[in-house]
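Per chain, numbering begins at 1; letters A, B, ... match sequence-line order.
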Amino acid sequence: MSTAELPTLKPKDYKSDQEVRWCPGCGDYSILLQLQKVCADLRLKKENTVFVSGIGCSSRFPYYMETYAVHGIHGRAPAIATRRNVNLKIILFNNRIYGLTKGQYSPTSELGKKTKSSPMGTVDYPMHPLCIAIGAEATFVARSVDVDVKHLQETLRRAALHRGTAYVEVYQDCNVFNHDAFAFATERSVRDDNLLYLEHGKPMIFGKERNKGIRLNGTTPEVVQLGAGVTADDLLIHDEKAPEPTLAYLLSRMRYPEFPEPVGVFRAVEQPTYDDMVMEQVRAAEAKHGQGDLMKLFNSGETWTVN
Amino acid sequence: MTTTLAADSIDSSKSRRVEELPHAAVRFAGDSGDGMQLAGTQFTNTSAVLGNDIATLPDYPAEIRAPAGTLAGVSGFQINFSNHNIHTPGDKVDALIAMNPAAMKTNLKDLIDGGILIVNIDEFTPIALQKAKYEGDPFELPEFQRVRVYKVPISKHTLEAVKESGLAPKEAERCKNIYALGIVFWLYDRPLETTLKWIHSKFGSKAGVAKANELALRAGYNFGETAELFPVRYKVRKASLPPGRYRNVTGNQAAALGCVAAAKLAGKPLVYSSYPITPASEILQELSALKAFNVRTFQAEDEIAAMCSTVGAAFTGAIAVTGTSGPGVALKQEGIGLAVILELPSLIINVQRGGPSTGLPTKTEQADLWQAVMGRNGECPMPVIAAESPADCFWAVVDAARIAVKYMTPVMVLSDGYVANGSEPWRIPTEAELPPIASRHPTDPAEFQPYLRDAHGSRPWALPGTPGFQHRVGGLEKEHVTGDISYDPANHQLMVDLRAQKVANVAKDIPTPEVYGDPQGELLVVTWGGTFGTVRTAVERARDEGKSVSHLHLRWVNPMPSQLGEILARFRTVLVAELNMGQLEFLLRAQYLIEPLALHKVQGKPFQVAEIQQKIDEILSGMK
């Protein structure tokens, strides 16, 4: 598709006239801005874009976009949309807390976390969203961090360009109720040692000094120091296009502090989308039976006439 | 009276007396795997094509295959066919076909005195009798004195008849329902053509099966003809229905056709999102086969997803429909509330069943009226229409879609298990009877405000993909006209009022309900939904007996027709008859400050005509 004839839009063209009401310093601002940049970058037609959200602070997001939008109700649709490979992009704002209801633990809160609704610590094992997305065989799975704007923008851009369901987890700071929950991934001094930036076809090297890597020991990954007999050739090579989601799942299980947490694209494979297959059936039915004729349908089967 | 077939008693030379009947009701009953629904459906189709008016009532257990031969596993199909306009499948049956002792036991009480009982005597083994909790020879019991019993070795005859088809005995024996159907076809003087045509189109690819079924059907018919078993044959002539072309439909088929019609009339795609649930699943199945009509069916992962995707489809400009039963509606209510505040058109078809909770999945009830009218959080009104008969499911859906689009609102369509699974002739509408459904989409971006209302109180339907109309809607309260989020106290009051007024405005589109019988008088029976036919029949009979009783049936139950209060006031007594514990009665009391009498029933079964008549008699005699 040529985009040459499309008018150039700026990020601010995707800003609605609504006043943004997130707390000052909230990670949501960064996600909003990067998404507006990506929309402008990809020249997405405002009228052809729909933002849909559930419930929570982040779910105010659609009100701030100059597109069509629906702010819905609590939903569980993403896991299933993922399985169906509907051509939509899902962004999970993960802040490991319930912010809108003022500070209760969330499904991603770490075990034992003390919150307003868990004064003695939670006894719920946390949920790992990307494990579920990959388990549902999402065709595009990625992770980024709210304050790493370049990485976030690039990740969102790639998600937007993916045909099929794209699932992006963003580590987002709720600076009021769960500040620095992801400090290991955001502090400049430590983040390079705690994150593994995934690059397709490249060995998994990380660390400020780029002297550490991920090696497979049997079926278990392990962190190794490069040098002293260990070279890049011994390391796992990232393959986001692997048809089997096994490697992506293995990466989604790697957690700080035992491991660096992977960010970037875990998986990006092509599969026919739900939308295309649905419309294909409509077209096939029309081709076979002709465009539906109501009167013919009504009069099909056994009929009789009363005079 | 018991007649036992002697193998050598066949004598075709004797001519049989033919008796003419105005109507007759027949019930096929057997094990849930015996093909009773199929035999009943075939009898129905043949009778319909013959020109009878018909009404049917399938009755089957929730278990797909309860243990064979048990009382719990009995499945039945009843059909009433007539030479005049009828509204019900009949309280009692003139003939009962019982394929095993359990079927006989559970159904015998519904057979009229002097009625015909045909049993498959091959199945009356000691074990089967024991499963049916009979001790000794059941036919010795006094209750069999009042009926005419015909013991026919249906299984044995079927095996013999289909021998030449080459089917294995187990498969061959499965044709016994068709053999029994043949006997009943003969008994009521029906032609075989419709069923023969069906057999060959259904089993065309399996020549052996088609042949076997044909042989079984003909053998059953010939048995009636040649065995000197039945002294009388019956004839039920054509009914004089309003002129037109007809087709037999179940309520669920009619609802599916209504969905397709509504979308076509609106010039929009149909999106039907649903999670399978008894007794609504057939609507999803029917529609999934109609993709050539620009139909997109979506089998969602659960009821909530089905509702939310319906809201999404409505946002994009489709005719969006979801279908379910009571437990599903309970799960959908938050999503329905979202549709109410977003002010997007959609239909929620609720095929009611016995509740609460999972309740009686395959049995009928009308206990979701409150859930429909009042079942959401906040001030959350929506129009509600109830189908009065199987064929009316078509019109209820089309009428509901018109209102949904005109008033930008979800509309609930109430059906029930009785209406959904029952069938009757549907007069096929002509194109002239189906005017287009006009939807209005804004055209001038400069004038566009998402919540600027028109004369009906409706907001504009701006569709994604249209440049210049980008807007955001959501479940938070919104400001009048602009649709921006608003927590302003006065604005919330205004928006609640406006949404209520909009639903109240629907009353302007509801025709004045017709009072059947005298326009005023002693007693008015008020009904809604699927009880129409039974109550109308009872009132017809009472009036034939000279009693002062009238009938008012409501299709729209929210809002109520504008003239309702005035009509109710014209009668000394009002009786509300419904298959719940008084839900319409409660609404009428609240709205019109009347004190109606009530007839309630929650037994998973429709009313019987006699029950209504008895209540009418009781009330009228108490008034003297």
Roughly how far, to the nearest 0.5 Å, is the OG1 atom of Thr194(B) from the CH2 atom of Trp304(A)? 10.0 Å

Applying a strict 4.5 Å limit to non-hydrogen atoms, the region of Val50(A) in contact with chain B is side chain

Which one wins on heavy-atom pair count under 4.5 Å against chain A: Asp484(B), Leu290(B), Leu434(B), Asn294(B)? Asp484(B)

Take atom NZ of Lys15(A) as the centre, draw a 6.0 Å sphere, and report whether it contains more than 12 heavy atoms from other residues, nucleotides or ligands. no

Separation of Ile73(A) CD1 from Ile341(B) CD1 (nearest 0.5 Å): 11.5 Å

Using salt bridge (Lys or Arg N to Asp or Glu O under 4.0 Å), reason through Glu280(A) and Lys291(B) one step at a time and then give a plain yes or no. CA-CA 10 Å; Glu280(A) 215 168 276; Lys291(B) 296 207 163 107; over 6 Å; no

Partner chain B: residue of Gln291(A), Glu66(A), Gln281(A), Arg283(A) with the largest heavy-atom pair count (under 4.5 Å): Glu66(A)

I need the Leu476(B) CG to Ser59(A) OG distance, nearest 0.5 Å. 10.0 Å

Locate the shortest heavy-atom distance separating Arg84(A) from Gln299(B); write the atom from each residue and the value. NH2-O, 3.2 Å

Given heavy-atom pairs under 4.5 angstrom as the criterion, report whether the side chain, backbone, both or neither of Val311(B) touches chain A. neither

Using a 3.5 Å distance criterion without hydrogens, assess whether the side chain of Tyr68(A) forms a donor-acceptor pair with backbone atoms of Leu463(B). yes

Between Thr303(A) and Arg245(B), does any side-chain donor sit less than 3.5 Å from a side-chain acceptor? yes

Nearest 0.5 Å, what's the CG-CD1 distance between Asn299(A) and Ile428(B)? 4.0 Å

Counting heavy-atom pairs under 4.5 Å to chain A, which of Phe298(B), Phe394(B), Trp198(B) comes out on top? Phe298(B)

Taking all non-hydrogen atoms of both residues into account, name the closest pair between Phe293(B) and Asp293(A) and its distance. CE2-N, 3.3 Å

Among the listed options Ala462(B), Ala261(B), Ser309(B), Ala48(B), the residue most often paired with chain A at heavy-atom distances under 4.5 Å: Ala48(B)

Residue pair Leu294(A) / Val260(B): nearest heavy atoms and the distance that separates them: CD1-CG1, 3.8 Å

Report which part of Arg60(A) has an atom under 4.5 Å of a heavy atom belonging to chain B: side chain, backbone, both, or neither. side chain

Please say whether more than 12 non-hydrogen atoms of neighbouring residues, nucleotides or ligands are located less than 6.0 Å from CZ in Phe43(B). yes

Show the numbers, then the answer: is there a salt bridge (Lys or Arg N to Asp or Glu O under 4.0 Å) between Glu302(A) and Lys197(B)? CA-CA 10 Å; Glu302(A) 294 284 352; Lys197(B) 225 163 93 186; 3.6 Å; yes

Looking at Glu433(B), I want to see if its CD is surrounded by more than 12 non-hydrogen atoms of other residues, nucleotides or ligands under 6.0 Å. yes

Out of Asp17(A), Val282(A), Thr67(A), which one racks up the most heavy-atom pairs below 4.5 Å with chain B? Thr67(A)

Hey, could you give me the CD/OH distance between Gln470(B) and Tyr14(A), rounded to the nearest 0.5 Å? 10.0 Å

Selection from Gly335(B), Ala292(B), Gly474(B), Cys308(B) maximising heavy-atom pairs under 4.5 Å formed with chain A: Ala292(B)

Against chain A, work out which of Ser240(B), Ser201(B), Pro429(B) has the most heavy-atom pairs shorter than 4.5 Å and name it. Pro429(B)

Is there a donor-acceptor pair under 3.5 Å between the side chain of Arg247(B) and the backbone N or O of Phe298(A)? yes

Are any of the side-chain heavy atoms of Val306(A) and Tyr246(B) separated by less than 4.5 Å? yes

Calculate, to the nearest 0.5 Å, the distance between atoms NZ and CE belonging to Lys264(B) and Met295(A) respectively. 11.0 Å

Residue Met127(A) excluded, over 12 heavy atoms near CE under 6.0 Å: no

Under 4.5 Å from any heavy atom of chain B, what part of Val278(A) do you find: side chain, backbone, both or neither? side chain

Where does Tyr274(A) contact chain B at under 4.5 Å (heavy atoms): side chain, backbone, both or neither? side chain

Does Asn377(B) have more than 12 heavy atoms from other residues, nucleotides or ligands lying within 6.0 Å of its CG? no

Has Arg472(B) got a side-chain atom pairing as donor or acceptor with Tyr64(A)'s backbone, closer than 3.5 angstrom? no

In terms of heavy-atom proximity below 4.5 Å to chain B, should Thr49(A) be classed as side chain, backbone, both, or neither? neither

Any idea which of Ser16(A), Gly301(A), Ser53(A) has the most non-hydrogen atom pairs under 4.5 angstrom with chain B? Ser16(A)

Given a strict heavy-atom distance threshold of 4.5 Å, which part of Thr430(B) is in contact with chain A: side chain, backbone, both, or neither? backbone

Structural part of Met65(A) lying under 4.5 Å from a heavy atom of chain B: backbone

Out of Gly312(B), Pro243(B), Ala239(B), Gly244(B), which one racks up the most heavy-atom pairs below 4.5 Å with chain A? Gly244(B)

